[in-house]
Amino acid sequence: MTFRYSRVLVAISAVPFFLFSAASVWIWRVEPFVGLAVVVILALPFLLLTVAAVLKVSDVVTLDPHQIHRSFLGRRESIAWLDVCAVGLDDERLVIRDGATVTLAVERTHPAYPVVRMCVLAFLRPIWIQDLRSVFHLDPLMNVVGIGLTAVFFLVGVSSLRFGVWNLILALGCGVLAILMGMTWGMLPQRVRLQERELLIESWRGAQVLRVDEVVSIDAVSGYLPGSLAVRLTTRTNGSFDLQNMREGGLRLYLSLVEWRRALNTAPHRTAADEPSMVGAQQVHAASTRA
């Protein structure tokens with residue numbers, strides 16, 4: 001199977017570039033300055049888009065039962081599935097390593113990404129499972145944004161405490177926004193720990209302990225930020241809530257939680273109510289054997 005970006009991307013950017021270039025040449029014969037302005041303002045951005053599209057189209061990934069190939073600008077790299085020794089998983093790309101010599105990365109936007117990820121998760125589980133983590137941390141940028149917005153709203157509200165209806169309304173609104181931002185930032189999970197049979201979710205307001213028996217389902221959903229991945233936990237008592245914006249990545253968090261739950265959930269034990277039916281089945285089997 002061969003996967004590549006659509007060549008239509010090149011046509012979409014190249015056709016306007018040539019049209020604006022031709023128009024600028026015609027205008028340049030009459031008004032040199034205006035023709036140069038047309039090239040710089042209109043044609044140059046499409047030239048950059050055309051170059052970017054050509055680079056994307058040249059990125060080709062080929063899969064077969066034995067190995068994976070990636071060709072970029074004429075340079076070809078191959079890794080046999082049996083030689084894969086390390087796998088890196090995150091929200092933006094998937095990295096496959098062959099010892100210390102070849103590293104093959106597939107971006108999330110590439111058409112081959114879903115199939116490559118499926119192959120990696122299905123056939124290379126003993127390898128990618130080593131990439132999992134037991135402790136996850138909130139992205140520090142989220143703390144910076146939360147503290148910054150809270151401080152900005154607070155300072156604007158304090159500076160607006162003057163006489164006048166509009167100033168008081170602005171001060172009250174900024175004060176409410178500062179309180180809401182502070183409360184929201186305080187509730188964000190700062191750290192998630194996967195313990196033996198418990199999931200410890202720590203925030204500035206305290207820690208929440210979630211036992212594996214209380215988890216009904218673990219789903220991967222879209223996060224609040226564009227292109228981000230969140231993990232939705234559905235529990236028996238507290239309903240559903242999302243874990244997202246982790247520094248280690250949403251995909252790694254999702255896979256770690258799934259493996260944590262799968263390893264701890266054992267097969268149901270046989271109960272006393274099942275014994276009569278099992279004894280009856282054994283008697284029927286013994287009678288049929290004697291017959």
Side chain to side chain contact (heavy atoms under 4.5 Å, CB included) between K56 and V54, intermediate numbers included: CA-CA 5 Å; K56 281 183 173 294; V54 170; over 6 Å; no
Proximity of H110 and Y5 rings by center, below 6.0 Å: yes
Distance, nearest 0.5 Å, that separates CD of E214 from OG1 of T235: 7.0 Å
Spatial distance of atom CG (D91) from atom CD (E248) [nearest 0.5 Å]: 11.0 Å
Whether R236 side chain and D213 backbone form a donor-acceptor pair below 3.5 Å: yes
From T109 atom OG1 to E92 atom CD, the distance as rounded to the nearest 0.5 Å: 9.0 Å
Heavy atoms from other residues, nucleotides or ligands near CZ of F154 exceed 12 (cutoff 6.0 Å): no
Side-chain (W81) to main-chain (D64) donor-acceptor, under 3.5 angstrom: yes
Cationic N near anionic O, under 4.0 Å, D90 to R108: no
Spacing of D219 atom CG and L233 atom CG [to the nearest 0.5 Å]: 9.0 Å
Donor on one side chain, acceptor on other, E77 and H69, under 3.5 Å: no
Charged tip of R70 within 45° of F72 ring normal and under 6.0 Å: yes
Non-neighbouring partners of F153 that pass side chain to side chain contact (heavy atoms under 4.5 Å, CB included), sequence neighbours left out: L149, L177, A178, M181
Rounded distance (nearest 0.5 Å) linking atom CZ of F3 with atom CG of D59: 13.0 Å
Side chain proximity check, L210 to V215, heavy atoms < 4.5 angstrom: yes
Expected output: side-chain S256 to main-chain R133 donor-acceptor under 3.5 Å: yes
Side-chain heavy-atom pair L251, R117 within 4.5 angstrom cut-off: yes
Distance (rounded to the nearest 0.5 Å) between M1 CE and C119 SG: 6.0 Å
Check: I218 and R261 side chains under 4.5 Å, non-hydrogen atoms: yes
Check against side chain to side chain contact (heavy atoms under 4.5 Å, CB included), V192 and L200: CA-CA 6 Å; V192 177; L200 183 62; over 6 Å; no
D242 with R232: basic N within carboxylate O range, under 4.0 Å: yes
same_hphob_cluster(V102, V60) at 4.5 Å side-chain heavy-atom cutoff: no
V209 side chain reached by L199 side chain, heavy atoms, under 4.5 Å: no
Evaluation steps, side chain to side chain contact (heavy atoms under 4.5 Å, CB included), between D131 and R252: CA-CA 8 Å; D131 189 59; R252 185 179 293 179; 3.2 Å; yes
side-chain hydrogen bond (donor to acceptor under 3.5 Å, both in side chains) against T103, all qualifying residues, sequence neighbours excluded: none
same_hphob_cluster(L253, I129) at 4.5 Å side-chain heavy-atom cutoff: yes
ILVMFWY network linking Y254 to V95, side-chain heavy atoms under 4.5 angstrom: no
Donor-acceptor contact below 3.5 Å, side chain W260 vs main chain Q195: yes
Pairs involving residues 143-158, ordered by first then second residue, that meet side-chain hydrogen bond (donor to acceptor under 3.5 Å, both in side chains) (sequence neighbours left out): N143-W185, N143-Q190
Neighbour count >12 (heavy atoms, 6.0 Å) for atom CZ, R247: yes
From CA spacing to verdict: salt bridge (Lys or Arg N to Asp or Glu O under 4.0 Å), E259, R125: CA-CA 11 Å; E259 286 297 323; R125 184 174 180 272; 2.5 Å; yes
Candidate pair E198 and R211, rule salt bridge (Lys or Arg N to Asp or Glu O under 4.0 Å), full reasoning: CA-CA 4 Å; E198 297 176 342; R211 294 185 58 84; 3.6 Å; yes
Close side-chain approach of R97 and V84, heavy atoms under 4.5 Å: no
Side chain to side chain, T234 and F241, heavy atoms closer than 4.5 Å: no
Side-chain heavy atoms of P189 within contact of F136, under 4.5 Å: no
Criterion side chain to side chain contact (heavy atoms under 4.5 Å, CB included) on L194 and L257, from CA distance to verdict: CA-CA 8 Å; L194 281 70; L257 288 173; 4.1 Å; yes
4.5 Å side-chain heavy-atom contact, L255 and L121: yes
Joint hydrophobic cluster, V135 plus L138, side-chain heavy atoms closer than 4.5 Å: no
